[in-house]
Each structure stands twice: as C-alpha cells, then as structure tokens.
Amino acid sequence: MRVASNRNYTAWEGKIPVGWRYTAGLAGQEFLQALKDRGEILGSRCERCEKVYVPASIFCERCFAELNKHEPVKSEGEVVTFAICHRDLEGNPLDPPRVAAAVRLDGATSVLVHNGLGDPAKWKIGARAKVKLAANRTGSILDIEGFELV
Amino acid sequence: MKEPKLGTGLSSRDFFESGRFFTVSYEVRAEYAWDTGPAIGRYLEELKAGRIMGRRCTKCNRVFVPPRAFCELCFRPADDWVPLEDTGTINTFSRCYITWDMQKLTSPEIPAVIEIDGATPGHGIMHMIGGVDPDEIKVGMKVKAVWKPESEREGAITDIKYWKPVS
Amino acid sequence: MSNHVAIIGCGYTPIRVATPEASYRELTFEAAQRAYADAGISHEEVQSAVCCEEDFIEGISITDEYTPDQLGVVLRSVETVGGDGLHGLGIAAMQIQTGALDIVVVEAHSKASNVLTFDHITEFALDPIWNRPLGFHPEFIAGMEMNRFLHEAKLSVEDCDRIAAKNRTNALSNPIAAYPARMTSEDIAHSPHTCAPLREAHEARRADGAVVLVLASEERAKGAERPVWIRGTGWANDSPTLESRPWGKDGATEAAARIAYEEAGIRDPSREIDLFEVDDLYAHREAMALAALGVKNGAAGVNPSGGSLGMGHTLDAIGLYRAAMCVDAIRSGRSKVALAQSWRGVPTTSVAMSILSVNHG
Amino acid sequence: MGNRVAVIGAGITKFVRRAQETPPELAWAAASQALDNAGMTLDDIDCVIHGTAPDAFDGVHMKAEYLSAGSGGWGKPYTRTYVGGGTGVFAPIHSWMHLASGKFKTALVVCEEKMSSCQPHPQGAFITIFDHTTERALGPNLLWIFALEQHRYMSVHGIKNEQIALASVKNKHNARGHPSAQIGGELTVEEVLDSEILAYPVHRLMVSPTSDGAAAVVMAVEDVAKAQTGQPVWLEGVGWALDTAYWTNRDLYYPRYVEKAAWMAYEMAGIKKPTEEIDFAEPYDPFAYKELHHLEGLQLAPKGGAPKLLADGYFNRDGKLPSCPSGGLLGVGNPIAAAGMMKICELFWQLRGEAGERQIQKPLRRGVAQAWGDLMQVGTVVVMGT
C-alpha cells in the first residue's frame, strides 16, 4: 500500500470530552474544614513510623495503620526545595516567574507544596517560610495563598 | 467475611448542593490528532467520494471493512483495495432512548451492525438505521446507505447519514 | 524446570519526532514484524502479549482494546500494564517463569506526536485536591527535584549541562535517534529556563516509535540464533504524593535495584555491568539514577545510545528502547552485561529495570 | 506448573453510588482489611498489584500511580494491570504470575474504581472506548454495544427478554445477603420488563448501577499460605484471552474469548467436564444477559441453553450450579475492577464457608470466577478450590 506523497497524510482530531468533580475525602474534608474555619494546617501522626502526614490522612502509607488523630502542625517551616517557573501551563512565558515551593512545616515529616511568594531570587533551600492564608477561605487548598519567606 | 470497611455514601444533595462537602471541579484539555495511517486515511477519503472501500488479504481471502493495512489473522500486509457496495444486511440493532451523556431521547437512535455487501460475510461496521419506523426494523433486513449531499461530506463515517431498509 | 528467560527477538522502528505516515497500528505492526523475523518465529507461535500504555496518551478509554491485532495475537492471552515497557518486560518474564507459557512478547509504542495537549494531560496526573488547583506547569516537579538533588548530592547545574551535551552528542552515532546534535555544555547552558534550575535543553523531547521484544523459555531459546538472557528484573514505586516523596534521591530505583541485583547476583554493579542505558528524561535524572544504582563515577558506558535526551522520549516505550539498545550491544559484542532502567516521568515515582547478558550466569 | 498460589485474605468496602472517600482512601480500606484478614502487615508483602479500569472514571491520568499510596505500593514492586471490565478477575491472575514464577512469595492485590467523580455522568467516559476515527463520530454509548450483543444473542437462539430478566431477579435477590450491596432487593420479571427501555432490548433493571468501591485480596505461595492460615483457597487454574478489536467483524452471539480463557484455566486445573467438576460460579453480570452469555462461554451451559437452566432454578443459590451467589454486579454494584475482585472475594468466602447468609448449603470444593470487558472481547477466568 503506497502513500504517494506527504499530501496524503491525514490526521483525525478529537478529544476526551468529560469532566470531574472530586471529593476531598474523609481526611481531606477535615483538613479543609480546619483550614477554612481556623486557618490551621492539620497533620496526621503515625506513632509507629514516627511520621506526620500533611495534609491529614486516614492511613499511614508506610505501615497502613489507621490514623484518626489529626492535629495542627505549625504554620512555619523549612524550605525543602523550590523551582522558579518561567512558563504557564500553556507554555507561555511567565513574567514575573512563579515560585513553586515545598515546605516542611514544623511538626510535620512531609512537605506542603504551594506558591512561593515574594522575590524569586530570595528563595533558598533551607530558608524559613510561613503560610500566608488567603483573605477569603472557601474550603480549598487555595485557602492558602502561599508561603512567605521569614 | 467481616462487615465492609468504609464506602461512605453521599446523596446527590450532599454531593452537589449542600456545600457541606468540599469538592474540586475540573476539566482536562485532552486533545488529539490521531494519524489515520494509509488504510483508514483512504477509507475516509473514499467515503467523501461516496464509496465504501474494503481491503483484501489474498492469503485468507477475506475482504474486510473497516480496511486495514495488514491482515491481523495472517499477520502480513493486506494486498489490495476492494470497492464494496453501499448496501448491506442488519446483523443486529438496538433502539436507544438515551444519548452518550445519558440525556433522554423521545425518538430513539437506532445503532446497528451492518454487514456490508462485497465484504466477507460477517464483516460489518457500526452505523445508524434511519428513514423507517423503528418498530419495523428486523435483524436480516437489507439496507442501503443514505449519503449526505456531496458538498456536505467531509471524509468521515458520518458522510453516510444512516442506512435505510430497502424492500 | 529451568527458570531462565531469553530475549530471542528484538524489533523496533526508528525513533522520529513525528510519524504522520502511520497510525499506531501500522507503527506497532512494523516493530512486531521485525521482532518475529528476528526471533525466527511466526505470529502464531506467540502465546501471550504484554502491552504497556495509558488511556490519556492514546486518547482512548480502556485502550487495551486496541492491542491484539497489530501484534498478530487475536484471541490469545493479552494483558495491558499501565507501566513502562520495562515493567512489561518483567511481567512477560514472570509469565514464562510460571512454566505455563514459552513465548511471550512485550510491546510499547509512542505516538506522542498525536497528543496536542500533553502538558495538560500531565497535569491531570496530579492530585486533584492538593496539587492541580495551584496551576503550575507540571514540570515544576522536575525543577524542584533537580534543585533538591543537586543540593544533597553536592552537584552543580553544570554537571547536568555536561550530561545533556554528552547524550545529545552520543546520539550522533545512533542511526535511530531523533535528536542527535553536536553540543557542548555551554550550548546547554544557553537554553532558556523552564522551571529553574531546569533548562529546556535538560529535558528530553518527545518522539514516536514502537518496540516489540520476543521472550522465550530456555527450552524455546535453544534454537534461537542470538539469545540475550534476562539475568534480573526489578521495579518499584516510592511515594506517589508530592508531599511525602524524598525530593533529593531516587528511592524507587534503589528499591528496584535491590531486587534486580539480587536476582542477577550482582554485588558490585560498577565492575560487573559494562553498559548502563538509564533514565535521563531530565539530565539530572541520569546522575540520580546512577547514584541510586550504586554506580561509581567513571564506570563504563552510560547512555552511549544518546539516552532519551538524544534518542527522544518515547513515553512508556522508552524502557524497551533502552533494552533494545542493550540487546544490540550484547549481540554485537560491545557489552557482556547491560542494565536498562526507566522512570515513568513527572509526576510519578515509578521505576523499572532489567539486567541483560550474553549468558544466563 | 509453577508454585502453588493461594488467596489467604480478603477485604472490601461498601459499594455506593457516590463515596465521600478519595480513590486512595477506598483502596486503603479494602487493602488494609484484606491484610488484617490474612493476619499480615504491609511489611509481610513482597509486591503489590493494582487493578483498575479507565482513568476517565477516577479522573486521574496514570491513575494507578496516584492510587499506589492507598494500595500499599510505597517502596515496593508495584504494577497496575487492566483489561477493561475483565480487570477485576485479571488482577489475581497478574498476581499469580508474580508468585507462581517464584519471584515473589506474597502479594497484595487491590482493585478500585470511583465512577462518581466523572461528570456529568460516568457513561460519558464510555464514548471514548470506541474507535476514535471510525466510530466516535456516531455518538455511541456503552449501552449500544450491550444492546447489540444481547439482541444478537437473542435473535440467533430465539431467546425471549423475560428469560433474560430472570437473571436480574435472581441476582438482586442474592445480593440481599451481601453487606456491601448497593441495590439488592426483591423484584419480579414483570417489574424488570416494566422498567424503562434504555436501549432495546435492555431495560433499566437489567443494568448494573454505577458505583464507587474497592476490594482486595492477599495472595501467597504454598509455604507462606499454609503457615498463615488453615484455610488457604488455591488458584487451581487461570486463563485470559483477548479477541480482535474489530468487533463488528465478529459474531456477537457467543463469547469465544471466554471459552478460550475458560479452557486455559480448566486445563491448568485439570478440569475436563466443567459442569461436573465445578460447584458454583461467579460469571460477570454487568447486564442481565451477560450472566447467561458467560455461563455458556464458561462451558457451564450449552450455547443458547443458559436461559432454560436459569428458569429451571439450576443457577439459584440452592440449585445444581449456583451462579452469582454474591448477588453479582446487578445486585452488589459495579465499581468496574472492584466488582470483578468482589467475585474473587466471593469464591474465597464461599469456599471457606464464611459467606454468612449467602452461604451455599451444599459442600463446595471448587468455584470459578469470570469477568469480561473492552469491546466485548476480553475473557478472564480464575478457578479456585479448597
């Protein structure tokens, strides 16, 4: 079977036309409620593994223990890593760039990933940063505006 | 067995209206341009011209539709193009009262598998039956393609509007 | 019962930026034809197939539907794995080791060129509650990982520039590579930042291609002309969440390597393995993988094929391309024991590997 | 043939229309219960297998990666396998490869599906199972292919819809004893036939519901299994087959792929006369006719003969060959992969005498579970025995 020239190449266009509505889950519901109502960041401690998961979780992913003690961790912690994003999701340049940051809040063993606020050039691994809450809170991870360097 | 663990049911109201349960809504942009390849590329092009084309494998002597570049049973390139008729036989059909996104329909859509004349018996395509009282349709009926006007065809399976029973 | 498994047939298409002349069906058919001819078998002798693909890459839900025809395995045992081709290779080897099957093929392909909104689909792999609402380009994960890894490993961005330049240059001698170029680390350092410290030239670019490998039991491999033996396979995941993964190391590769090394009886990989075709979807990943594999600096060949930076990122087929490069090297006498390793890309922590050899040890 | 492999623990969530839990939470619920049931912890597990069907339901690309935390995949060999609706019965087969090969000794096998996330309706995801270039433009839905297949089955054999409706009646009745069940109940054939026609000949009450849920088992090789429990349930045979994707080129009246998979499993199990050597069955029943269609493919009824046997009570829980004693997908619910795994769990509970009010009263030595999927092309079969 011959394709005589590249003019005969064809493609058929289409998409996957569905959307989704996700629940926050059992632990996520509690986490978002505490964030919305009290501006607290809930973590879940696994005594056996000495881990504190943030956001809260109903189970320990290491040992599978059920976690039912969700308690606030501190709103301040250490910058574990970050990246300075020069492009948006469409691939368009971002000016100024946005910082994505992973901060281990004091009392937690996992990190929380969010916007790194302020001058991107000031962000350093090991720096201290704290949660800045959003003015209007609705029960979403965006109830946090991001992290500010301390 | 023990009692099931979790599986907390939410009512439609809980989920959509109450505002008590936090949710995130999302749509993905999942867009594609699938290369048709030589077989389906020509199939679509010929539909635009008002013809249904099959392919023949000279080893097993099947004429198949939709056409393919290779025979999946003999696992060798298929040999030649075969013009098929735009008539066929209803192998099976349904009267469907809902759309793909579960909207109700008052007059049903009639999807069917239509064995195409000129192809090896049993070789058909999925398409629609129309131009007939839905209750009159029977398995085994002969049908003929009703094409869109040439100016409206775009090289797609929908260049055939539907298949209409012929007496 | 012998538990040895060999690769007796290897078929792949050249990797290209795009393949507009063929659908995924014809592309895979070509790789299968080559593999079966190489193995000296007919398609009817294949008892089982393992395919590696994902719905939202193919643009099809339950995309395993469309796997059997182009492999010539209609009405036979076929399964699909949402994994890299090297996960599939491990599964196929186990199928033979059960004693129930003698000839099993593993297949993976990429029609990345057909996906118009790739970054959106990658974002769709993130946690919908915690991560997606932030709206970052998903490559921020690679940037954060690179930053932490360089910090912990006391490496510099220039080290990554050198890796990228090496692999692009290595690809010049690989006729199937899609992105060969004579490049220096200065060239790499001039490319624009995407998610700093990550630069565009640190990232493997996507490409199309298909690979089929034919695996056989020791009994069936006896008649094969140039069998390559699977000495060990391993695969593992670290935490999938951005929150609890280790950002500075490749824990999944460490876990997978423990399994593969034990099976292959490897104690000192730097000495016992002479070819490494490893993950380099981002330049820093090559250094990260080697560290996790316990390979010392200055060990033998690392990505002489050009890796995914030079060959192109063929999505879940990249692992099988790496394995195929190892098979070619072993058959041509350039390697005695080779390791192929793959990571499934952002945002996963999913890794698989295989150790291949001229003999079964 | 390879190492002997057994199921030694099972766990399950409730099946519900909309779960509050996230997919990883559902997976964890079933998986942790299976581990408890096996008397094991995650540390005892060598490898993890996840089975889940299309990503479009849960709404996460590469969803098994996302699900790995709730499935116990951290730091372990973890793979996700899928063969459409056949996945739930295939996952233990995939696990069997890990164990029978000698590579691993223990496996945690988790199946999860959360369909309610998909909007406006999970059925919308099904348009994208059809060929993107030659079929999707027609606006197909999943009901079409079921209706086309059921109609072909009926027209070739001269089967009446009331014969098929009886499968719904039986399974919804059986499900009343299942604590996970979403829609068990007492119905009559008339009520099934009076329910709305969705796609002739398919009525609403012949269709399993959309569901959220998870189910899991722990599997182990012989020495571990025997050390862990006095009642291991052995995988005696496994089989799987996939037919051509060109489904309009096949005769839909008979599932030859199920027959192929069944004989592969039966030969491994040393079964020559299935109706005599198998005590009960859990065939896949997402639609009422499918149970009958599959019983024929499983060689447990002659071609076209399953409806009569059903009417005779042969497949009732107290019949000669009980079929879907769990209540099946029609009664318990259909979170795709988890529903198939629910059937594996049912074999496990029935063969251990732990099925409670669903327990089949005659002595049981061996059962078969089967699932089906894709474009009417997958057969997956597992034979389990004491």
Side-chain angles (χ1 to χ4, degrees), chain A residues 1 3 6 8-16 18 20-25 28 31-32 51 53-55 57 61-62 79-94 97-102 104 108-115 120 123-126 140-142 144 146, chain C residues 18-23 26 55-56 58-61 113-114 116-124 126-152 192-200 239-248:
Chain A
M1 184 156 37
V3 170
N6 58 1
N8 294 349
Y9 296 158
T10 52
W12 177 266
E13 298 203 16
K15 57 186 179 176
I16 295 187
V18 280
W20 296 270
R21 185 179 175 113
Y22 308 94
T23 59
F31 178 90
L32 292 175
K51 296 260 174 209
Y53 292 92
V54 172
S57 172
E61 65 172 329
R62 304 294 203 257
V79 177
V80 171
T81 188
F82 66 95
I84 303 169
C85 302
H86 292 266
R87 290 179 188 175
D88 69 11
L89 190 53
E90 309 299 330
N92 300 317
L94 274 175
R98 286 177 69 192
V99 175
R104 184 182 297 113
T109 45
S110 63
V111 299
L112 194 62
V113 175
H114 220 296
N115 295 305
W123 279 78
K124 297 275 178 295
I125 288 176
S140 144
I141 191 64
L142 298 179
I144 296 171
Chain C
T19 46
E21 74 285 2
S23 74
E26 290 98 38
D55 285 1
F56 274 80
E58 302 298 323
I60 299 168
S61 283
S113 65
N114 288 189
L116 302 178
T117 53
F118 209 98
D119 294 334
H120 286 266
I121 290 166
T122 306
E123 188 202 51
F124 185 48
L126 299 181
D127 186 288
I129 305 294
W130 310 124
N131 305 141
R132 273 187 232 167
L134 302 176
F136 289 113
H137 188 291
E139 225 130 52
F140 82 93
I141 297 164
M144 294 209 309
E145 179 187 78
M146 176 178 175
N147 208 3
R148 183 73 197 181
F149 170 67
L150 296 182
H151 175 81
E152 286 186 19
H193 275 128
T194 52
C195 292
L198 193 66
R199 292 181 183 277
E200 203 170 280
S239 173
T241 71
L242 302 188
E243 289 76 24
S244 58
R245 66 179 54 182
W247 283 95

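Only heavy atoms go into these numbers, but all of them, side chains included; no hydrogens, no water, no symmetry mates. Every chain is numbered from 1 and lettered A, B, ... according to where its sequence line falls, protein lines coming before strand lines.
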Identify which part of [X] has an atom lying under 4.5 Å from any heavy atom of chain A, answering side chain, backbone, both or neither.
X	result
C:His151	side chain
C:Phe124	side chain
C:Glu200	side chain
C:Ile60	backbone
C:Glu123	side chain

Self-check item: Under the ring pair (Phe, Tyr, Trp, His ring centres under 6.0 Å) test, residues paired with C:Phe136 that sit two or more places apart
Solution: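 Testing C:Phe136 for ring pair (Phe, Tyr, Trp, His ring centres under 6.0 Å), a comparison that skips the adjacent residues, returns C:Phe140.
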
Is it the backbone or the side chain of [X] that comes under 4.5 Å from a heavy atom of chain C, or both, or neither?
X	result
A:Arg104	neither
A:Ala101	backbone
A:Thr23	backbone
A:Ala100	both
A:Leu94	neither
A:Asn115	both

Self-check item: Side-chain (C:Asn147) to main-chain (A:Ala83) donor-acceptor, under 3.5 angstrom
Solution: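 No, C:Asn147 side chain to A:Ala83 backbone: no donor-acceptor pair under 3.5 Å.
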
Exercise. Please answer whether the main-chain N or O of C:Met144 pairs with a side-chain N or O of A:Thr81 as donor and acceptor at a distance below 3.5 Å.
Key: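 The answer is yes, because a donor-acceptor pair under 3.5 Å joins these two groups.
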
Self-check item: chain C interface, residue from A:Lys15, A:Lys51, A:Arg98 that has the most non-hydrogen pairs under 4.5 Å
Solution: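 Going by pairs under 4.5 Å, I would pick A:Arg98.
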
Self-check item: Largest heavy-atom contact set with chain C, pairs under 4.5 Å, which of A:Gly146, A:Ala24, A:Pro97
Solution: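 Most heavy-atom pairs within the cutoff with chain C belong to A:Ala24.
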
What option among [options] has the most heavy-atom pairs under 4.5 Å with chain A?
options	result
C:Ser61, C:Pro128, C:Ala22	C:Pro128
C:Gly143, C:Pro133, C:Cys195	C:Cys195
C:Glu243, C:His137, C:His120	C:Glu243

Inter-residue atom distance [X].[atom1] - [Y].[atom2], 0.5 Å rounding:
X	Y	atom1	atom2	answer
A:His86	C:Glu139	NE2	CD	13.0 Å
A:Arg87	C:His193	CZ	NE2	11.0 Å
A:Glu13	C:Leu116	CD	CG	6.0 Å
C:Leu242	A:Leu112	CG	CG	10.5 Å
A:Asn8	C:Glu21	CG	CD	12.5 Å
A:Ile141	C:Asp127	CD1	CG	9.5 Å

Contact between [X] and [Y] at the side-chain level, heavy atoms closer than 4.5 Å - yes or no?
X	Y	answer
A:Pro55	C:Trp130	yes
A:Val54	C:Ser244	no
A:Glu61	C:Ser239	yes
C:Thr241	A:Tyr53	no
A:Ile125	C:Arg148	yes

Quiz item: Do you know the tightest heavy-atom contact between C:Leu134 and A:His114?
Solution: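 Looking at all heavy atoms of both residues, the closest pair is CD2-CE1, 3.3 Å.
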
Self-check item: Closest contact, heavy atoms only, C:Pro138 versus A:Leu89
Solution: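 Shortest heavy-atom separation between C:Pro138 and A:Leu89 comes out as CD-CD1, 3.5 Å.
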
Practice problem: Could you list the residues that satisfy side chain to side chain donor-acceptor pair (under 3.5 Å) with C:Arg132, not counting sequence neighbours? | Solution: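 In terms of side chain to side chain donor-acceptor pair (under 3.5 Å), with neighbours along the sequence ignored, C:Arg132 is linked to A:Tyr22.
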
